[in-house]
Number of protein chains: 2
Amino acid sequence: MELRALRYFVAVAEERHIGRAADRLRMTQPPLSRAMHRLEADLGATLFDRTPAGVELTEAGRIAYEDARVLLEHADRLEARVRSTAGRSTLAVGSLADTAELVGGRIVPAFREAHPHVAVRVHESDLGDPSAGLRAGLVDVALTRLPFTDTGLRTHVLRTEPVGIVVRDDDPLAGESAVRLAELPGRRWVRLPPDTDRVWTDYWTAPALPDDHQTPVRTIQECLQAVLWNGMSALAPLDQVIPAGLVTVPVADRPPSGLVLAWPAAGPSPLVRSFVRLAAATYRRREARGHRGAVGRT
Amino acid sequence: MELRALRYFVAVAEERHIGRAADRLRMTQPPLSRAMHRLEADLGATLFDRTPAGVELTEAGRIAYEDARVLLEHADRLEARVRSTAGRSTLAVGSLADTAELVGGRIVPAFREAHPHVAVRVHESDLGDPSAGLRAGLVDVALTRLPFTDTGLRTHVLRTEPVGIVVRDDDPLAGESAVRLAELPGRRWVRLPPDTDRVWTDYWTAPALPDDHQTPVRTIQECLQAVLWNGMSALAPLDQVIPAGLVTVPVADRPPSGLVLAWPAAGPSPLVRSFVRLAAATYRRREARGHRGAVGRT
DNA sequence: CAATATTACGCGCCGCGTAAGGATC
DNA sequence: GATCCTTACGCGGCGCGTAATATTG
């Protein structure tokens, strides 16, 4: 007997209808029906009389319902008390430039739902810090992109995405289906700030011309404007949304980049573990929903 | 947060040592360690300070421990109350002749542990009733062997076992590694009672000689004695233990027989479901342990 | 025949085990 | 270096979804 089954049971007992209870629980009937059968088996007692109109509680079911409600409230109190006793209840999340939407849109709300008592602060950092504030100790966990120097950090890959070269749509390359960086001499590349992690800059930029004195860019917007107005080139993930007038041409000789969660390797706090866990689940679910929308629909 | 995790947590909190708690819970350290990390993540609080000598409860851990103990007692009370409210608390288990040892040895004890309040009665039936009392309404669930007429019943195969012909060790066949029934004319076969299920008799016996008036056998013992003293032949599962003086020669042209659980198809009671579930798990575990014992051992 | 509960089946997560690694006294 | 706890990795069960079936008014 697990709390999950009891939460389900309370919903069914109150709705007197497995289908409606399933709606309330945001799931479908079959698993709920089986969960109730299994709960009955665990308890060794019949909790419902099934009818074509729904279900009715048996005497044992009524007892179970009363006790289950109290038990679940007790469990909620346990959670609340432990949480209020725990010291730190704040989590700083770093987000690298273009990943902010993902963090703010789905992941942080999911985390807030699981941990309502925690104050979440999102720190959006610029292209000069691939650790998104981790190195500076500004944040506890970060959503960023590989590759960068990850000593002392742990990472979890959410997705890998090929990269492309961003050019104006009147650029000779604009019509190509794919290009190789090795065959593109003489371009002027957008540059990152000089003190930026080498692994990171080596990946996202090509060698600059010796006489190149461009101003480094710190944000996606600056980067795209440099391409649009100054005729420069930049590398970006293929899934990066691009304003009109620009196109991203896939680059064949650069390995894909990983969208990752990162956090300090030394003793991550429970909140960080939970964030990583929830973020991974949320992201997966988002992915699955996308697929289903594109394929399913009888 | 699930009750399982809280039960684990209480053990760790009391032992102040994950390894010892794991022993107490009959499991190994790693999954217990992870379960505690996950519980901490779910709660968003650190419950232990890990030290090289074991673990110490934090303040939040002490709160959690106190609450968890009460919560688990509450859960136990819920179970007890529901069970005492439920009507029927008796289960009749049918067992076909040679399967009694398996039922009594492991499965029924496992069920008794899960349902201490239920009075279990084992009904050992003879070879004339492959349903082991189900057809007669004597039992709620049965452990028996396929094949037999299973209309109105549901079955769950625990294992399939090839069959062989049982002969005296001075029989000309005794040395063969396998035989085909189609090539064995003129044998005198042990017979089952005349009113026995046809599917069952067709499987376990070969066509009798016209002038054969043997007394039918009702038990394994009678069957083996008929082979030993009257020079008859019988079919039996290869795993059937055989007394000295007899051997079982594999039969090539008979499909294997299934060791199965069977129960009425119409509205099985929660206890029956639970029995099937536990029996399947127990049997699986027994199997795995056997394999491990034969292979493992670093 | 409409509405409900149930079974069948495939997939992904999670829990558990074994084996290897790391930290701390 | 011994003794913990932790991570890595592979496997089996279980929960969930979709699709199909049974049952009942």
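In what follows, every chain begins at residue 1, and chains take the letters A, B, ... in the order their sequences are listed.
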Residue list, salt bridge (charged side-chain N to carboxylate O under 4.0 Å, His left out) with Arg38(A), at least two apart or on another chain: Asp42(A)

Applying salt bridge (charged side-chain N to carboxylate O under 4.0 Å, His left out), can you list everything that pairs with Asp239(A), at least two apart in sequence or on another chain? Arg145(A), Arg159(A)

Partners meeting salt bridge (charged side-chain N to carboxylate O under 4.0 Å, His left out) with Arg83(A) (sequence neighbours left out): Glu79(A)

Please table the atom pairs, donor to acceptor, closer than 3.5 Å between any side-chain atom in residues 43-56 of chain A and protein atoms at least two apart or in another chain.
unit_1   : atom_1 : unit_2   : atom_2 : d
Arg50(A) : NH1    : Glu40(A) : OE1    : 3.1
Arg50(A) : NH1    : Glu40(A) : OE2    : 3.0
Arg50(A) : NH2    : Glu40(A) : OE1    : 3.0
Thr51(A) : OG1    : Ala53(A) : N      : 3.2
Thr51(A) : OG1    : Gly54(A) : N      : 3.2
Thr51(A) : OG1    : Gly54(A) : O      : 3.0

Atom pair OG/CH2 of Ser131(B) and Trp200(B) - distance to nearest 0.5 Å: 10.0 Å

According to the ring pair (Phe, Tyr, Trp, His ring centres under 6.0 Å) rule, which pairs have a member within residues 14-45 of chain B, sequence neighbours left out? none

Please work out which residues in residues 56-65 of chain A have a non-hydrogen atom less than 4.0 Å from an atom of DNA chain C and list them by number. none

Whole-Å gap separating C1' (dC13(C)) and CD (Glu2(B)): 14 Å

Check the distance between dG12(D)'s C1' and Tyr283(B)'s OH and give it to me in whole angstrom. 17 Å

d(CZ, Phe9(A); C1', dG15(D)) in whole Å: 20 Å

Partner set under side-chain contact (heavy atoms from CB on, under 4.5 Å) for Val70(B), not counting sequence neighbours: His74(A)

Under a plain distance cut-off of 3.5 Å, with no hydrogens placed, do Thr149(B) and Asp197(B) share a side-chain donor-acceptor pair? yes

What is the separation between atom CG on Asp42(A) and atom P on dC14(D), rounded to the nearest whole Å? 10 Å

Under the side-chain contact (heavy atoms from CB on, under 4.5 Å) rule, collect the residues that match up with Ala114(A), sequence neighbours excluded. Leu278(A)

Within less than 4.0 Å of OP1 or OP2 of dG17(D), is there a side-chain N or O belonging to Thr28(A)? yes

Met27(A) CE to dC14(D) P, in whole Å, measures 16 Å

Take the protein atom CZ of Arg284(B) and the nucleotide atom C1' of dG12(D), then report the distance between them rounded to whole Å. 8 Å

Which part of the nucleic acid, if any, lies within reach of Tyr8(B) when heavy atoms closer than 4.0 Å are counted: base, sugar-phosphate only, or nothing? sugar-phosphate

Name each donor-acceptor pair under 3.5 Å that joins a side chain in residues 1-8 of chain B to protein atoms two or more places apart or in another chain, with its distance.
unit_1  : atom_1 : unit_2  : atom_2 : d
Glu2(B) : OE1    : Leu3(A) : N      : 2.9
Glu2(B) : OE1    : Arg4(A) : N      : 3.1
Glu2(B) : OE2    : Arg4(A) : N      : 3.3

How does each nucleotide of nucleotides 2-9 of chain D score, in 5' to 3' order, for protein heavy atoms under 4.0 Å: base (B), sugar-phosphate only (S), or none (-)? --SSBBSB

In degrees, rounded to 10°, what is the bend between the two ends of the helix from dC1(C)-dG25(D) to dC25(C)-dG1(D), using five pairs at each? 30°

Starting from P on dA8(C), measure out to NE2 on His156(B) and report it in whole angstrom. 12 Å

Salt bridge (charged side-chain N to carboxylate O under 4.0 Å, His left out) partners of Arg77(B), counting only residues at least two apart: none

Atom CE of Met36(B) and atom P of dG15(C): how far apart are they, to the nearest Å? 11 Å

